[in-house]
Chemist: 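My structure is below; once you've seen it, I'll send some questions.
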Amino acid sequence: MMRILVMTAVAAERDAIQRGLGQDSRFEYALAGVGIAAAAVNGALKLAKADYDLVIIAGIAGGFAGQAEVGSLVIASEIIAADLGVELLDGFSSLDELGFGSTRISVASEAERVTAALQAAGLKAQAAPVLTVATATGTAATAAALAARVPGAAAEAMEGFGIATAAQQRGVPVLEIRAISNAVGPRDRDAWRIGAALQALESAGSVIAEVL
Ligand SMILES: O=C(O)c1cccc(C(=O)CC[C@H]2O[C@@H](n3cnc4c(=O)[nH]cnc43)[C@H](O)[C@@H]2O)c1
């Protein structure tokens, strides 16, 4: 039997995906906390305690304009630490470009099958790069800079790369599934549709339980 670790930043996200996945003993749950540092540490601690076959990072996220609308789902085709590098007077240089490592982590082969199953179930879902940022975007300028830095990026959140780094170091494949609660850009907390995003996450869970 597969042993699958599902990590979310907060309890509301865990509860939503757990409702969808249902009573299925293949899935175990852990909270990552908010942000890349907490997520990396909590991911590493959890992964050191047991052997998992797969890690699913799940939660809500910001969606890039024209790429992912509120209430839709983004399945990471790649998990990218989009602000890990140095700011330059005329741009940004990533850790990769500096020769200090990689800011990109590949996802499990199941990503394509999961995306297809979500679409077949009638959910609005797509596979695209998901960015991990240390600071949630709050201006149109930053949103545009990130979109230009990673063409095709559909979502940004704050934990994926941390958990994925811990998983990668233990050789465990990862999936990241994000439900869009808000647009990436000028901060407007009143416009966040957390309920719709959590509902999408729950719906995704019931499909994922069938397809994995
Ligand atoms: O207030 C609530 O009820 C509630 C329920 C579930 C989750 C939250 C969060 O605030 C989770 C924070 C979490 O969300 C990700 N996120 C969402 N939108 C963005 C964004 O535009 N940019 C970056 N991250 C975003 C992120 O992963 C945070 O950890 C509240």
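All ligand and atom numbering here is 1-based and tracks the order in the structure. Residue numbers count from 1 along this sequence.
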Chemist: Does the side chain of Ile180 come within less than 4.5 Å of Ile60's, by heavy atoms?
Modeler: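 No - every pair of side-chain heavy atoms lies 4.5 Å or more apart.
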Chemist: Kindly confirm or rule out a cation-pi arrangement of Arg3 over Tyr52, judged by NZ or CZ under 6.0 Å from the six-membered ring centre and within 45° of its axis?
Modeler: yes
Chemist: So which atom in Ala68 and which in Val74 form the shortest heavy-atom distance, rounded to 0.1 Å?
Modeler: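 Heavy atoms only, the tightest pair is CB-CG2, 3.8 Å.
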Chemist: Identify whether the distance between the nearest side-chain nitrogen and carboxylate oxygen of Glu159 and Arg178 falls below 4.0 Å.
Modeler: yes
Chemist: Give me the pairs of N or O atoms, one from ligand 1 and one from the protein, that sit under 3.5 Å apart.
Modeler:
from: ligand 1; atom 1: 18 (N); to: Gly62; atom 2: N; distance (Å): 3.3
from: ligand 1; atom 1: 18 (N); to: Asn182; atom 2: OD1; distance (Å): 2.8
from: ligand 1; atom 1: 21 (O); to: Asn182; atom 2: ND2; distance (Å): 2.8
from: ligand 1; atom 1: 22 (N); to: Glu156; atom 2: OE2; distance (Å): 2.6
from: ligand 1; atom 1: 27 (O); to: Met158; atom 2: N; distance (Å): 3.0
from: ligand 1; atom 1: 27 (O); to: Glu159; atom 2: OE1; distance (Å): 2.6
from: ligand 1; atom 1: 27 (O); to: Glu159; atom 2: OE2; distance (Å): 3.3
from: ligand 1; atom 1: 29 (O); to: Glu159; atom 2: OE1; distance (Å): 3.4
from: ligand 1; atom 1: 29 (O); to: Glu159; atom 2: OE2; distance (Å): 2.4

Chemist: How close do Leu47 and Ala166 get, counting heavy atoms only, and between which atoms?
Modeler: CD1-C, 3.8 Å
Chemist: Just wondering, do Tyr29 and Leu21 contact through their side chains at under 4.5 Å, heavy atoms?
Modeler: yes
